[in-house]
Amino acid sequence: HRDLHSFPTRRSSDLENAAVKRSEIQVTVFRLSKQSYAIWGDGRMNETQQLQTELERGISEVMQLATTHNHPDIAQRVSDLNQARATDLYTILFLGEFNRGKSSLINCLLRTDILPMDVTPTTATINVIRFNETPAIRIQSHDGTSESLPFTSNTLEAFTVDAKTDHISFIEIGMPNPLLRANTVIVDTPGVDDLDQQRVDITYNFVPQADAVVFVLSALSALNRSE
């Protein structure tokens with residue numbers, strides 16, 4: 001209706017075609033928006049990857065339609081949707097007191113042994129695990145500098161509770177794991193009852209950045225007061 005009233009000098013058939021094309025594009029944008037939410041709602045990896053592929057293809061098609069039929073407002077909406085799809089991260093934070101098995105659980109989920117594990121408190125840094133085609137480990141310091149290290153099972157053992165880690169903001173671990181492909185980020189944290197108050201503060205300061213928190217408890221004992 002807005003097209004018909006805004007351009008009264010245009011031929012009726014052209015106006016009807018423009019209105020139809022606009023409706024088609026709007027319906028497609030709505031469908032793509034629903035798919036972007038469906039990706040997170042479906043836990044089956046094959047279907048998730050299929051939806052991701054369809055979403056990328058659909059966004060490209062709608063951008064072409066919007067440009068061809070001169071709908072810059074819709075083109076902008078689709079561009080914003082594509083940017084959100086590409087950059088939006090879903091962060092899952094693993095939280096709990098020391099020696100509860102947070103690192104062990106993450107290693108099990110990712111089928112890796114990259115995170116150090118021990119019967120005594122081990123994790124001393126925020127470890128951010130995200131998708132990367134090439135396995136990589138990067139140390140990010142509070143002063144803004146970073147250092148790349150080899151991706152091996154014992155690399156992170158140099159940054160456990162017995163090491164000096166005060167200068168580290170977080171450690172980023174990249175790996176080509178299918179669980180991380182759909183912009184999922186997993187974060188391992190030091191125990192929230194750590195004797196080092198700085199490490200406790202770093203952990204709690206990271207909590208508001210998470211979309212979900214997995215609080216890990218021991219199956220061998222009842223909850224204590226602090227938990």
Query raised in the report: To the nearest 0.5 Å, how far apart are CG in N107 and CG in D113?
Result: 6.5 Å
Requested in this report: Could you tell me whether the side chain of E133 reaches within less than 4.5 Å of the side chain of R181, counting heavy atoms only?
Outcome: yes
Query raised in the report: Is the backbone N or O of A75 less than 3.5 Å from a side-chain atom of S79, with the two atoms forming a donor-acceptor pair by type?
Result: no
Requested in this report: Could you please spell out the steps behind the side-chain contact (heavy atoms from CB on, under 4.5 Å) verdict for H71 and Q76?
Outcome: CA-CA 9 Å; H71 292 291; Q76 183 60 52; over 6 Å; no
**Report entry** Atom pair CG/CD1 of N177 and I114 - distance to nearest 0.5 Å
**Finding:** 12.0 Å
Report summary line: One should read off an interatomic distance between T189 OG1 and I126 CD1, to the nearest 0.5 angstrom, of 5.5 Å
**Report entry** Closest contact, heavy atoms only, A136 versus N132
**Finding:** CB-ND2, 4.3 Å
Requested in this report: Kindly indicate, with the supporting measurements, whether the criterion side-chain contact (heavy atoms from CB on, under 4.5 Å) is fulfilled by I173 and L115.
Outcome: CA-CA 10 Å; I173 304 167; L115 297 176; 3.8 Å; yes
Query raised in the report: Mind checking whether I139 and T125 have side chains closer than 4.5 Å, heavy atoms only?
Result: no
Query raised in the report: Passes side-chain contact (heavy atoms from CB on, under 4.5 Å), N224 versus E227? Steps please.
Result: CA-CA 5 Å; N224 57 38; E227 288 175 323; 3.2 Å; yes
Report task. Side-chain contact test, heavy atoms from C-beta onward, threshold under 4.5 Å: evaluate it for I186 versus F94 and give yes or no. Result -> yes
Requested in this report: Taking the side chain as every heavy atom from C-beta outward, state whether N70 and P72 have any atom pair closer than 4.5 Å.
Outcome: yes
Requested in this report: Quick one: closest heavy-atom pair of Q140 and S146, and the distance?
Outcome: OE1-CB, 3.6 Å
Report summary line: Shortest non-hydrogen pair, S103 vs D188, comes out as OG-OD2, 2.6 Å
Query raised in the report: What's the spacing between T112 OG1 and F151 CZ if we round to 0.5 Å?
Result: 5.5 Å
Query raised in the report: How far does CZ of F131 sit from CG of N183, to the nearest 0.5 angstrom?
Result: 10.0 Å
Query raised in the report: Is atom OH of Y204 surrounded by more than 12 heavy atoms (other residues, nucleotides or ligands) closer than 6.0 Å?
Result: no
Report task. Report yes or no: does S218 contribute a side-chain atom to a donor-acceptor pair with the main-chain N or O of L220 at less than 3.5 Å? Result -> yes
Query raised in the report: Do R130 and V128 come within less than 4.5 Å of each other through their side chains, counting heavy atoms only?
Result: yes
Report summary line: Nearest heavy-atom approach of A212 to Y90 is CB-OH, 3.7 Å
**Report entry** Interatomic spacing from CE in M175 to OG1 in T134 - rounded to 0.5 Å
**Finding:** 12.5 Å
Query raised in the report: Okay, side chain of T68, backbone of Q64: is any donor-acceptor separation there less than 3.5 Å?
Result: yes
Query - Minimum heavy-atom distance L95-K102, with the two atoms named - result: C-CD, 3.5 Å
Query raised in the report: For the residue pair L93 and A210, what are the closest heavy atoms and their distance?
Result: CB-CB, 3.7 Å
